[in-house]
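Every chain is numbered from 1, with letters handed out A, B, ... down the list of sequences. Hydrogens, waters and symmetry mates play no part in the numbers below; they use all other heavy atoms, side chains included.
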Amino acid sequence: MADGTMTVSGVAGAARPAGGALLTVDNLEAWYGESHILHGISFNVAAGEVVTLLGRNGAGKTTTLKSIMGIIGKRTGTIRFDNHDIARASSDKIARLGVGFCPEERGIFASLDVRENLMLPPQVRSGGLSLDQIFTLFPNLKERLGSQGTKLSGGEQQMLAIARILRTGARFLMLDEPTEGLAPVIIQQIGRTIARLKSEGFTILLVEQNFRFASTLADRFYVVEHGRIIDGFANSELQANMDKLHSYLGV
Amino acid sequence: MPALTDGTARTANGRAIGDEMIAFILMTALLAIVPMTGIYPFFVMQGLCFALLACAFNLLLGYGGLLSFGHAMFLGTSGYVSAHALKVWGLPPELGIVAGVVAAAVLSVVTGVVAIRRQGIYFAMITLALAQLLYFIYLQTPFTHGEDGIQGVPQGKMFGVLDLSHPDTLYYVVLGGFLFGFLVIYRAINSPFGEVLKSIRENEQRAISLGYKTDQYKLLAYILSGTLAGFAGSLKVLVAQNASLTDVHWTMSGEIVLMTLVGGLGTVFGPVVGAFAIIAMQQYLAGFGQWVTVIQGAIFVVCVLTFRRGVVGEIAHYFKRSL
Amino acid sequence: MANEFILETHGLTKEFAGFVAVRDVALRVRRGSIHALIGPNGAGKTTCFNLLTKFLKPSAGRIVYNGRDITALAPADVARLGLVRSFQISAVFPHLTALENVRVALQRQHGHSFDFWRSKSVLDRFNGRAHELLDDVGLSEFAKTLATEMPYGRKRALEIATTLALDPEMMLLDEPMAGMGHEDIDRIAALIKRISAKYTILMVEHNLSVVASLSDIITVLTRGKVLAEGNYADLTKDERVREAYLGAGHG
Amino acid sequence: MSINLQALSAQLLVGLINGSFYALLSLGLAVIFGMLNIINFAHGAVYMMGAFCAYFLLNVFGIGYWPALIVAPVLVGIFGMVMERTMLKWLTGLDHLYGLLLTFGLALIIQGVFQNYFGSSGLPYAIPDELQGGINLGFMFLPVYRGWVIVCSLVVCIATWYLIERTRLGAYLRAATENPTLVRAFGINVPRMITLTYGLGVGLAALAGVLSAPINQVRPLMGADLIIVVFAVVVIGGMGSIMGSIITGFALGIIEGLTKYFYPEASNSVVFVLMVLVLLVKPTGLTGRAT
Amino acid sequence: QDKQDKNVKIGVLTDLSGLYADLAGEGSVVAAQMAVDDSGLKAKGWTIDVISADHQNKPDIGTGIARRWIDTDKVDIIADVPNSGVALAVNNIVKEKNRILLDSGAGSSELTDTQCTPNTVHFTYDTYMLAHSTGSAMVKAGGDSWFFITADYAFGHALENDTAAVVKAAGGKVLGSVRVPLNTADFSSYLLQAQASKAKVIGLANAGGDTTNSIKQAAEFGIVKGGQKLAGLLMFLSDVHSLGLNVAQGLNLSETFYWNMNDQTRAFSKRFSERLKTHAMPTMVHAGVYAGLLHYLKALEALGGNPHDGAKVVAKMKEIPTDDPLFGKGTIRIDGRAIHPAYLFEVKTPAESKGEWDLYKLVGTTPGDDAFRPLSESKCPLVKH
Ligand SMILES: Nc1ncnc2c1ncn2[C@@H]1O[C@H](COP(=O)(O)OP(=O)(O)OP(=O)(O)O)[C@@H](O)[C@H]1O
Ligand SMILES: Nc1ncnc2c1ncn2[C@@H]1O[C@H](COP(=O)(O)OP(=O)(O)OP(=O)(O)O)[C@@H](O)[C@H]1O
Ligand SMILES: [Mg+2]
Ligand SMILES: [Mg+2]
């Protein structure tokens with residue numbers, strides 16, 4: 001697996017954010033049971049930025065988010081968030097530091113109705129979206145408030161999963177493929193929402209397959225392959241890097 | 001572009017069959033020489049009956065993914081029927097066995113039709129309920145003689161020639177019965193039917209969408225399992241010469257699960273090892289008096305906490321073999 | 001029998017405890033076509049699929065397949081008639097190898113399924129056909145890999161191969177591209193195109209470029225009702241479709 | 001047998017009393033199953049421990065019935081939490097089967113140890129003075145204590161139901177059952193919550209044990225056979241459904257009471273017949289949620 | 001066989017962990033050891049070993065142990081065996097292997113009836129005796145109308161039928177009965193029915209936890225206070241002790257031994273309770289194990305050595321009369337039944353009791369010949385009519 005490996009410092013250097021980093025991940029390795037998935041991920045996210053992780057299926061993007069969230073059994077390396085070392089913290093502590101996570105598989109609860117699902121995560125900070133704001137964003141939810149969470153359609157569940165963490169007031173959001181399975185009209189809304197959150201000072205770490213969507217929002221990109229960060233660049237450098245990117249992603 | 005599967009990719013069948021063959025020959029040889037070793041044959045015979053029972057149970061749970069918490073009902077039913085047939089009707093042993101097995105088969109069809117329609121924990125509970133019902137029936141019907149049980153069942157001459165009251169003869173008859181049952185189960189697991197069963201366990205919705213009427217397959221597995229469990233019950237009557245309520249009580253169903261679990265769920269030889277381990281424990285711990293149940297409980301706990309694959313399962317896992 | 005339409009529904013309706021998810025839908029799928037079913041989230045697409053394959057019972061309406069009323073059949077029977085579905089969440093037999101996955105389907109087609117007294121080596125005669133099918137979907141190298149260990153996109157391909165093994169007449173694909181990287185999307189799209197020569201395909205998909213490039217005809221569903229039907233070019237011009245599904249930014 | 005209205009009403013009332021025990025026990029079982037996905041086979045054993053605890057509180061520490069109603073469930077609950085922390089915890093995410101087997105083993109151990117030290121025939125526990133005697137209801141003599149059991153059990157059942165189905169804490173619990181990892185990632189200390197829940201479920205069983213001590217002999221095996229019936233109650237009510245367990249518990253007590261009157265031979269099996277029937281008609285139990 | 005020696009091996013097969021652990025269990029093992037010690041044979045050069053095991057109330061396990069003991073441990077006599085199912089199973093094996101079953105703990109009268117063998121001695125009690133002793137003595141004392149609460153299986157039915165027959169024979173009436181499934185936790189329904197019957201005596205034809213629960217709940221419903229009497233048809237000292245006098249007072253029951261009968265029983269019981277871990281007083285089952293083994297050893301001594309031939313020793317046991325400090329003088333009949341008197345007791349009130357174990361007062365005695373099933377009614381093949 002020596003292909004495409006780059007020195008970590010080189011990558012990070014190419015895309016170091018201007019200010020101090022809110023999140024710093026250094027030499028992160030992670031395992032699922034016996035299988036070694038992440039082989040030294042290093043990157044950082046500055047406060048107020050939108051950063052996107054790109055990469056093929058199975059590259060390790062989701063695993064990276066889960067490691068930051070503290071829900072991977074075995075992980076090593078350093079993860080600093082807001083001046084706290086969270087590499088060994090439990091996920092409830094990490095969440096209470098103000099990290100919001102919207103998982104890829106949505107994680108809607110069958111035994112809770114839509115309202116309970118929405119209200120489930122405790123508010124960790126003030127300043128989250130109000131219910132009204134959420135219903136303007138996702139009118140479907142308002143209509144189905146009383147129904148069982150998993151009875152929602154695939155896309156509705158995705159909306160619910162996003163709405164849920166917007167309520168908590170966490171200032172750092174990790175969204176794993178938030179547009180998957182959504183109709184174009186909703187994707188556009190989510191795009192607008194993320195832009196607005198950013199303007200309000202939220203920091204967002206995004207994982208996306210939908211490159212077109214990501215490119216309209218992100219300040220910087222990292223490319224993940226075989227559990228390593230193999231490249232990174234700012235949005236302004238996007239055009240110049242297009243060919244490289246195509247070969248990374250196999251477009 | 002191969003993904004991250006390299007290295008972990010396992011070959012499908014390959015040497016598994018070879019390993020199982022060696023283990024089978026080893027097991028048969030060991031069992032065949034028992035009467036010559038001075039090992040107490042009665043104990044081994046009892047072990048064989050329970051081993052067959054556990055194997056039958058394993059067919060359903062380990063390969064069909066269905067946890068029956070009422071398997072004692074087959075053991076007990078065939079036991080009572082065989083004992084009654086031998087003692088009261090005076091049938092020869094081979095017909096006594098047939099009577100017991102037929103009774104178990106009928107019972108498994110009747111209860112199967114009811115139970116198989118439910119899944120998971122509901123299946124476990126409904127089998128438990130059916131077994132409890134049957135327990136109460138057996139407790140009260142006269143032919144089982146309540147808590148006294150049917151005692152002193154004559155062993156007789158099998159096919160008119162094999163005198164089963166002779167320990168060695170009885171031993172080889174029981175061994176033969178066990179091996180027959182074991183091979184039937186082994187074949188069923190490795191048959192076209194077994195493949196379908198496995199896929200149903202893996203993803204039932206998908207199997208349905210491929211056009212399988214999964215209930216029918218589960219029912220067949222259930223009937224096979226129940227009938228073979230009944231066979232074990234009939235053999236046991238010949239060995240123990242009695243049939244009693246303990247064989248239909250729910251704790252017996254629990255013991256069957258325990259045997260399978262200790263030996264290794266979903267392994268071919270696990271239930272055999274497990275059955276012998278548990279029987280030996282009950283017999284030889286009897287001298288510890290009050291502590292028997294405590295020790296047995298502790299084994300459950302230890303097994304679940306540290307030994308989840310069971311004895312054979314752990315060994316197979318360690319050597320990366322299938323046993 | 002030689003009906004122009006392989007599948008027709010009349011007044012198909014599904015009501016969940018007071019909520020009408022599918023309302024009076026008349027769908028006609030032309031034999032040999034690729035027919036796309038699109039619509040905003042919660043429009044009732046998946047519910048429609050569930051109704052067609054009898055995983056749900058219609059509250060009202062009729063389903064006619066190949067001139068035969070199948071409204072009252074059981075799911076397994078529908079599959080036996082050649083109308084086979086895939087799931088929105090990928091459905092494989094995880095601890096069977098790719099080859100075995102396909103073989104299970106072939107076995108259903110060609111018998112021996114209840115033979116518990118035979119050795120499973122009788123199934124070896126299906127291996128040839130199974131390898132062919134794996135080849136068709138580009139999975140030859142995975143034949144001996146356990147399905148659970150395959151990358152996501154390949155599982156989707158395996159699911160299609162398994163479905164093809166049943167030699168169906170018509171396939172229902174629910175978001176076959178969801179969660180896939182570009183590379184896989186292209187591969188599966190090509191695959192669908194190829195198999196459509198032999199089979200009729202009805203699919204749900206939110207990825208518009210896929211819909212545009214593959215489908216012969218598109219039905220747009222909103223709030224359980226058919227909003228419009230036509231080809232891609234026509235629909236993108238339809239104001240109602242733009243508003244309900246595509247969104248303002250599209251075009 | 002001619003139907004005697006007086007006798008019938010007496011039987012109904014008696015059935016209701018038994019129902020109170022079923023309800024309390026199955027409630028605890030449902031809480032544990034609903035929240036931890038564990039079929040707690042040790043439930044009968046902790047019920048028994050509750051009764052023994054009351055006995056010891058009285059005979060060793062001189063603590064009477066009323067304090068014991070609180071103290072014994074708390075103590076046994078703590079014991080349960082220790083069990084959860086040291087053993088059950090390691091089974092999260094595994095098949096139901098393992099939880100069932102582990103608790104089955106635990107039940108054997110607990111019962112075995114008690115039997116070892118206290119024999120099998122049991123110990124006496126008297127009805128507290130305040131609840132001695134009975135009221136003549138005209139159609140029957142109702143011991144005051146039995147009336148108290150009904151009231152106490154009803155109150156506790158409703159309170160538990162409210163806690164789990166109507167409060168935020170309950171929502172956390174239910175969510176944590178399905179996906180503990182995610183709930184934890186929302187900032188909730190799930191392990192602690194699970195431990196407390198197990199403690200609650202076990203405590204409820206212990207409470208039933210204390211309530212039953214003056215009525216039934218305090219014996220090591222007092223819960224061993226009861227547990228199977230209680231399982232049936234939970235299954236009929238719908239696994240994990242709180243209200244289902246409560247209602248089924250009371251209803252079953254009454255049905256059993258009627259059977260005892262009309263056809264006593266079947267009073268033990270009626271539960272199982274009912275269970276089979278219910279599951280055939282309503283696969284997930286009377287109020288079960290679809291899974 | 002003249003290969004006699006002076007080695008004896010006694011196996012106490014009992015219930016060490018289950019329902020019968022208190023009335024038999026560890027105490028039976030202690031009783032067996034005391035019998036060996038008190039026989040004085042050791043001093044005369046005999047080697048006598050006592051081993052014990054828990055049959056867990058499972059016939060499979062019981063027979064397994066019995067076979068192993070006989071085949072590999074060379075056990076001569078298996079003692080106690082509470083639980084009729086296990087006892088009957090062991091009964092068959094012992095006969096097949098020509099050893100001895102000295103049963104004290106099991107109640108089934110089958111052991112000396114249809115299933116009797118030349119190798120079995122049934123010592124302490126059986127259901128027939130309990131029914132007769134309690135039934136006849138209570139009718140005599142004025143309890144002439146009965147209602148039965150019966151455990152719904154074989155032994156319960158046997159107890160009820162036997163008792164009912166005696167009651168009727170003595171001029172009493174049976175007003176009704178209710179069949180209760182085994183292991184019922186709540187008896188209030190049945191007690192209400194019994195109460196409504198207005199019978200003078202409520203016969204409890206059940207055992208163990210069922211009996212104790214029904215008595216406890218009867219107290220709660222004020223049944224004894226209301227003037228009805230309770231008769232426990234199969235109860236032991238350990239049951240009464242565990243119930244406590246508050247609840248059990250006024251109850252009637254039959255036993256063949258009570259520790260506080262005379263100086264000899266008191267002396268034995270004191271030694272017994274000192275040796276027992278729980279310091280409980282002996283039950284009649286313990287006493288039976290002791291007395292039976294004492295008699296067995298006496299027979300061996302009379303034979304001049306151990307012939308390791310069960311039938312022969314049992315024949316000797318039947319030949320010499322029994323005489324021991326606990327049951328007094330008696331015999332062992334041809335069918336294996338040990339004959340001694342049966343006593344009807346009433347449980348004392350708390351005020352009458354002078355100590356933890358001062359539980360009974362004697363209200364009647366049935367001589368041995370009347371207490372047990374007469375040979376004329378026997379279906380035992382050994383009995384020639
Ligand atoms: N629970 C698991 N157990 C074992 N291996 C896993 C598990 N989850 C993921 N993997 C493996 O880890 C690798 C990385 O997975 P990850 O989910 O992080 O990829 P990803 O980049 O998010 O891909 P995708 O775009 O498909 O979401 C993959 O090879 C996957 O097969
Ligand atoms: N079993 C059910 N009970 C109640 N409501 C349901 C059930 N299944 C689906 N629904 C509702 O029916 C509507 C249609 O759902 P469906 O899954 O068909 O949508 P869809 O068109 O597939 O959407 P998506 O594109 O998001 O997958 C949704 O609003 C959903 O909440
Ligand atoms: Mg991912
Ligand atoms: Mg959908």
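- Neither the backbone nor the side chain of Val247(E) comes within contact range of chain D, judged by heavy atoms closer than 4.5 Å.
- Taking a 6.0 Å sphere around NZ of Lys173(E), one finds it holds 12 or fewer heavy atoms contributed by other residues, nucleotides or ligands.
- In this structure the side chain of Val178(E) never reaches within 4.5 angstrom of the side chain of Lys260(D), judged on heavy atoms.
- Once rounded to the nearest 0.5 Å, the distance linking CD1 of Ile215(D) with CD of Gln217(E) reads 7.0 Å.
- Using a 4.5 Å cut-off between heavy atoms, Ala126(D) does not touch chain E at all.
- Proximity to chain D (any heavy atom under 4.5 Å) is shown, for Ala21(E), by both the backbone and the side chain.
- Highest contact tally toward chain E, considering only Gly15(D), Pro214(D), Gly134(D), Ala266(D), is held by Pro214(D) [criterion: heavy-atom pairs under 4.5 Å].
- Heavy-atom distances place the backbone of Tyr20(E), and not its side chain, under 4.5 Å from chain D.
- Of the N and O atoms on the side chains of Ser188(E) and Arg146(D), at least one donor lies less than 3.5 Å from an acceptor on the other residue.
- For a residue to count as touching a neighbouring chain, one of its non-hydrogen atoms must lie under 4.5 Å from one of that chain's; by this rule Asn246(E) does not touch chain D.
- With chain D as the partner, the residue from Ile215(E), Thr278(E), Asn213(E) showing the most heavy-atom pairs under 4.5 Å is Asn213(E).
- Here the OH-NZ distance, from Tyr125(D) to Lys216(E), works out to 9.5 Å after rounding to the nearest 0.5 Å.
- Shown here for Ser189(E) and Gln11(D), the closest heavy-atom pair between the two residues is OG-OE1, 2.8 Å.
- Only the side chain of Asn18(D) comes within less than 4.5 Å of a heavy atom in chain E; its backbone stays farther off.
- From Thr212(E), atom OG1 reaches atom CG of Leu123(D) across 11.0 Å, with rounding to the nearest 0.5 Å.
- A side chain to side chain contact (heavy atoms under 4.5 Å, CB included) with Gln217(D) holds for exactly one of Asp239(E), Asp210(E), Leu243(E); it is Leu243(E).
- Separation of atoms CG (Asp186(E)) and CD1 (Ile17(D)) is listed at 7.5 Å; rounding is to 0.5 Å.
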